[in-house]
Amino acid sequence: MMTEREQLEESVAYLSEIFGTQVADIALILGSGLGQFGEELSETIAIPYKEIPYFPVSTAPGHTGKLLTGDLGGRHIICMQGRFHHYEGYSMQTIAYPIKVLKLLGVKYLILTNAAGCLNEKWQPGDLMVISDHIKLQAESPLTGQQQDGLLGPRFFDMSNAYDAELRKYAREIASRQHIAIKEGVYQYFTGPNFETPAEIRAARLLGADAVGMSTVPEAITAAYLGLRTLGLSCLTNMGAGMTKKAIDGNDVLETSMKVKDTFTAYMKQLVTEWPR
Ligand code: HPA
């Protein structure tokens, strides 16, 4: 049986051969509605996940499942077009795998984007939010069961700067220059695929959550373990269950993320272009 370390080395060797020597130091994981961001890149190379040895394959709608590299505003970046969710049946450990690959490819910064429910009554659907911190009450971690040999980070690791304070400040500055009234708050993870119950939303609000969603947290935990500096951005697509009279509808989520797409894309472009070196 191959160890995970050996599998990772094979994934990385395959990608390094295609990517060549140009190393991207920023990786972006594109959430619902942002999949087309890849079209902003030039000199693009696209590799379907299914061609990368040991890489998982994504199934969620709007998640095409390709690794892209290319240039954006003079910066060479990698995008994961399509991500892996626990609700698709992937284990937490499988969700961690691509993040480990990115680290071994030489990535230093990770930008995680998602669509999320809004729990803060002062905000509204269509708002963008910088993630300041997260809450995960589920037992399993993407690092559960990690073997001691072949570790890529410490067994026990700190989460107090998992959403890098300097990067958050930088993200707020860029937003303000673009006249985007960006919010900042706590994202609470739910595994889905059901949207939350109104009682769960009330509980999350009591705990201090400003947003809820079904992604990002497994990746952010893995990134903290690997020492990647992380920025998380949410597109708030709907108010949490029970906060309005309307039932939560997946189509509304997609519709709002489509409405915000141009603003979000322009913002991301500026973020990457001026990203600290
Ligand atoms: N809950 C969980 N995930 C989501 C939501 C929500 O209300 N909206 C978009 N993703």
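Because only heavy atoms are used, hydrogens play no part in the values below, and waters and symmetry mates are left out as well, while side chains stay in. This is a predicted model, so every value here is computed, not measured. Note that ligands are numbered from 1 as they come in the structure, with each ligand's atoms numbered from 1 the same way.
- Looking only at heavy atoms of the protein, atom 5 (C) of ligand 1 is closest to G117 N, 3.3 Å.
- With N238 as the partner, the side chain to side chain contact (heavy atoms under 4.5 Å, CB included) test is satisfied by one option alone out of D252, V212, V253: V253.
- Within the 4.0 Å heavy-atom criterion, the part of A116 lying near ligand 1 is the backbone and not the side chain.
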Donor-acceptor contacts, no H, no angles, side chain residues 189-199, under 3.5 Å, sequence neighbours left out:
residue : atom : partner : partner atom : Å
T197    : OG1  : E200    : N            : 3.0
T197    : OG1  : E200    : OE1          : 3.4

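- Residues T69 and H76 meet the side-chain proximity criterion, which asks for heavy atoms closer than 4.5 Å.
- The contact set between ligand 1 and N238, taken as ligand atoms under 4.0 Å from a residue heavy atom, comprises 5 (C), 6 (C), 7 (O), 8 (N), 9 (C).
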| Given S11 and Y97, is the side-chain hydrogen bond (donor to acceptor under 3.5 Å, both in side chains) satisfied, shown in steps? | CA-CA 10 Å; S11 302; Y97 190 87; 2.7 Å; yes

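- With respect to atom 9 (C) of ligand 1, the closest heavy atom belonging to the protein is T237 OG1, 3.4 Å.
- Within ligand 1, the atoms closer than 4.0 Å to a non-hydrogen atom of V253 are 8 (N), 9 (C), numbered from 1 in the order shown.
- The local environment of NZ in K269 is sparse, with at most 12 non-hydrogen atoms from other residues, nucleotides or ligands closer than 6.0 Å.
- Given atom 10 (N) of ligand 1, the protein heavy atom at minimum distance is A115 O, 3.3 Å.
- Residue pairs satisfying the salt bridge (charged side-chain N to carboxylate O under 4.0 Å, His left out) criterion with at least one member in residues 178-187, sequence neighbours excluded, are listed as follows: D127-K183, R168-E184, R172-E184.
- The shell of residues lying under 4.0 angstrom from ligand 1, judged by heavy atoms, includes F195.
- Within ligand 1, the atoms closer than 4.0 Å to a non-hydrogen atom of E196 are 1 (N), 2 (C), 6 (C), 7 (O), numbered from 1 in the order shown.
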| request: Tell me, with the steps shown, if F84 and Y49 meet ring-ring contact (aromatic ring centres under 6.0 Å, His included). | output: CA-CA 11 Å; F84 303 101; Y49 292 160; 5.3 Å; yes

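- Under a 4.0 angstrom heavy-atom cut-off, G213 registers as being in contact with ligand 1.
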